[in-house]
Structure formats: C-alpha cells, structure tokens
Amino acid sequence: EQESARLTALVESSDDAIMGATPDGLITSWNPGAERLFGYTADEIIGQSIAVLLPAEDHPKMRESLGQLACGAHMGFYETDCVRKDGTSFIVSATLSSVVDVSGMVTGASAIVRDITERKQADAALRESQRVLATLFSNLPGMAYQSRNDPSWTMTFVSDGSFDLTGYTPEDLRENQVATYADLIHPDDQIWVWRDIQSAVAADVPYRLTYRICTDAGAEKWVMEQGRG
C-alpha cells in the first residue's frame, strides 16, 4: 500500500503528462500534468479516444502504434505533434508502453508526454543562425576561424576563404586534419604571435597583429589578423 501511494504521488506531482488508455485507445487515466499540458480536465477527457489529442493526419500512425502496443511493444522516445483543447498544436516527446497484468496479458497502454516546442524552436533558430553565419563567412575576404587556445591553434571552424589564403581547405585545417595553423605561421613569427595573443586573451581585450604565413605551395604572405579570446 505504501509503494502504491508513493507511485500515485509521483504520477500526480509530475510536470509531464502521464495517461493510461485501453488497448483500443480510450483514455482511462489522466494526471494533473496532462490537464495542464492539454487543457482537458480528467472528467472531460476520460473515456474519449486519444485521437482527440492528435492532428487528423496522424490518426493512421496512432492506430499502428496501438497495434504494436497490443503486442506488448515498448516504443521508447519519439517526437510527434499534439493538439490542445483550444486547438493549438505543439511538439512533444512521448514514451509509449504496454500495460500487462500478472498473467502477461496486455490490458492497455501508458504514455508519458513532455512539451518540447521551445526546445525545437531554439534548435531551429540555432540552425538558421549557423546557416546565416556560414553564408556570411563564406563571402568574407580572407579567412575567419574559431580555434582552441592551444599552441597548435586547433581550429573548430574555418571559413571557405582558407583555401585562397593558405592553400588548405577548411577540412584540411579543422581539427588539424592535414596541417596546424601554428605550422603555417612563419618560424620567426611564431613565438611573438603566441605571446601577444595570450596577453590579449588574459586581458580579455581584442587583438590585431600583422605577421607572415607560409602557404601550402611554400609562398610567403603577410597577413593581418584581428580577433578576441
């Protein structure tokens, strides 16, 4: 009885929507998290089909999932669209599992649902920002890069301008695949370039340097670099 009460308290206090359903998809249980997420009270939703929580175009997929659960499947995490009582749609991460009795017979299904709309929107915004930056950097004269602060200047991002400047493609320089940027700096300039950049990084100020590099073809070039730790 104590274990049952503890599990009930966990379900009731969860921020996630937790619900149960019959093998054919009629809702049998509905926790407060589900009420907050979908907008239906338990009295309103229990006895209805879970189809009311999904867009019409996803109903065939729902029937397929119910069929798999009826066979005892555990479907793990997957993402799908859902619909609130007010008609607004949102994206969720859901876990579906079969519910079995002591004899091993499937008696229903359970679902744990979490709203991930904000996370998906943030991911989409980040991808768009990265796309815009990549487009911007690809049209810059010279080369833009981001690197670790190590003696090799191990690059984690390199713009397309690296080839015209150094003779190495971004893939050649990224993670030191073919060459390190430190090795491209003229031997007579390596020590003071490292020293001056470290001083600027320690002081958290921008730096601007002019030094020589040696390209893949062996040509010597003067470059101006400006950056910040």
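Numbers for residues simply follow the sequence, beginning at 1. Here the structure is a predicted model, which is why all the values come from computation and not from measurement. Values below: every heavy atom of this structure, side chains too, minus hydrogens, waters and symmetry copies.
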| task | Check step by step if salt bridge (Lys or Arg N to Asp or Glu O under 4.0 Å) holds for E128 and R131. | result | CA-CA 5 Å; E128 175 62 14; R131 186 193 67 80; 2.7 Å; yes
| request: Could you check T169 against D172 for side chain to side chain donor-acceptor pair (under 3.5 Å), going step by step and ending with a plain yes or no? | output: CA-CA 5 Å; T169 66; D172 292 337; 3.2 Å; yes
| For I45 and K85, what are the C-alpha separation, side-chain angles and deciding distance, and is it a side chain to side chain contact (heavy atoms under 4.5 Å, CB included)? | CA-CA 10 Å; I45 199 69; K85 180 182 177 180; over 6 Å; no
| request: Applying salt bridge (Lys or Arg N to Asp or Glu O under 4.0 Å), run through R148 and E175 and close with a yes or a no. | output: CA-CA 9 Å; R148 300 187 183 94; E175 298 295 340; 3.0 Å; yes
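A distance of 4.0 Å separates CD1 of I213 from CG of L165, quoted to the nearest 0.5 Å. To the nearest 0.5 Å, atom NE2 of residue H186 and atom CD of residue E220 are 4.5 Å apart. Once rounded to the nearest 0.5 Å, the distance linking OG of S162 with CZ of F157 reads 9.5 Å. One distance of note links CG of L53 with CE of M19; it measures 6.0 Å at 0.5 Å rounding. The NZ atom of K221 sits 7.5 Å away from atom OG1 of T166, with the distance rounded to the nearest 0.5 Å. Rounding to the nearest 0.5 angstrom, the gap separating the CD atom in E64 from the CE atom in M62 is 11.5 Å.
In this structure, S97 contributes its side chain and S110 its backbone to no donor-acceptor pair below 3.5 Å. S93 places no side-chain N or O within 3.5 Å of a backbone atom of R114 that could act as its donor or acceptor partner. A donor-acceptor distance shorter than 3.5 angstrom exists from the side chain of D101 to the backbone of M105, with no hydrogens or angles considered.
Residue V193 is grouped with residue M155 when hydrophobic side chains (ILVMFWY) are merged at heavy-atom distances under 4.5 angstrom, including chains of intermediate members. I18 and L37 fall into different hydrophobic clusters, where Ile, Leu, Val, Met, Phe, Trp and Tyr residues are linked whenever their side-chain heavy atoms come under 4.5 Å apart, directly or through other members. Residues Y181 and Y207 are members of one and the same hydrophobic cluster, defined by side-chain heavy-atom contacts under 4.5 angstrom among Ile, Leu, Val, Met, Phe, Trp and Tyr. A continuous path of hydrophobic side-chain contacts links I50 to F90 [ILVMFWY only; heavy atoms under 4.5 Å]. Hydrophobic cluster membership differs between L69 and V106, with clusters built from Ile, Leu, Val, Met, Phe, Trp and Tyr side chains linked at under 4.5 angstrom.
For Y145 and E225, the side-chain atoms include at least one donor-acceptor pair closer than 3.5 Å. With no hydrogens or angles considered, no side-chain donor-acceptor pair links D150 and S152 at under 3.5 Å.
Counting non-hydrogen atoms of other residues, nucleotides and ligands closer than 6.0 Å to OH of Y211 gives a total above 12. In E118, the CD atom is not crowded: 12 or fewer heavy atoms of neighbouring residues, nucleotides or ligands sit closer than 6.0 Å. Under a cut-off of 6.0 angstrom, the local environment of CD1 in I191 is sparse, with at most 12 non-hydrogen atoms contributed by other residues, nucleotides or ligands.
For the pair R84 and D115, the salt-bridge criterion is met [side-chain N within less than 4.0 Å of a carboxylate O].
Side-chain contact check for L209 versus D189: every heavy-atom pair is 4.5 Å or farther apart. Contact of the N149 side chain with the Q198 side chain is registered, since non-hydrogen atoms from C-beta on lie closer than 4.5 Å. Side-chain contact between L184 and L173 is present, with heavy atoms from C-beta onward closer than 4.5 Å. The side-chain heavy atoms of D81 and S89, taken from C-beta on, include no pair separated by under 4.5 Å. Using a 4.5 Å cut-off on side-chain heavy atoms (C-beta onward), R212 and D188 make contact. Contact of the I197 side chain with the W153 side chain is registered, since non-hydrogen atoms from C-beta on lie closer than 4.5 Å.
Closest non-hydrogen pair, P170 versus S159, comes out as CG-O, 3.4 Å. Between P151 and A182, the closest heavy-atom pair is O-CB, 3.1 Å. Between A17 and A34, the shortest heavy-atom distance links the atoms CB-CA, 3.4 Å. Considering every non-hydrogen atom in both S65 and L96, the closest pair reads CB-CD1, 4.4 Å. Shown here for R228 and D204, the closest heavy-atom pair between the two residues is NH2-O, 2.6 Å. Of all heavy-atom pairs between V158 and M143, the closest is CG1-SD, 3.7 Å.
The only member of D24, L26, L54 that meets side-chain contact (heavy atoms from CB on, under 4.5 Å) when paired with S49 is L26.
Among residue pairs with one or both ends in residues 30-43, those qualifying as side chain to side chain donor-acceptor pair (under 3.5 Å) are T41-E44; sequence neighbours excluded.
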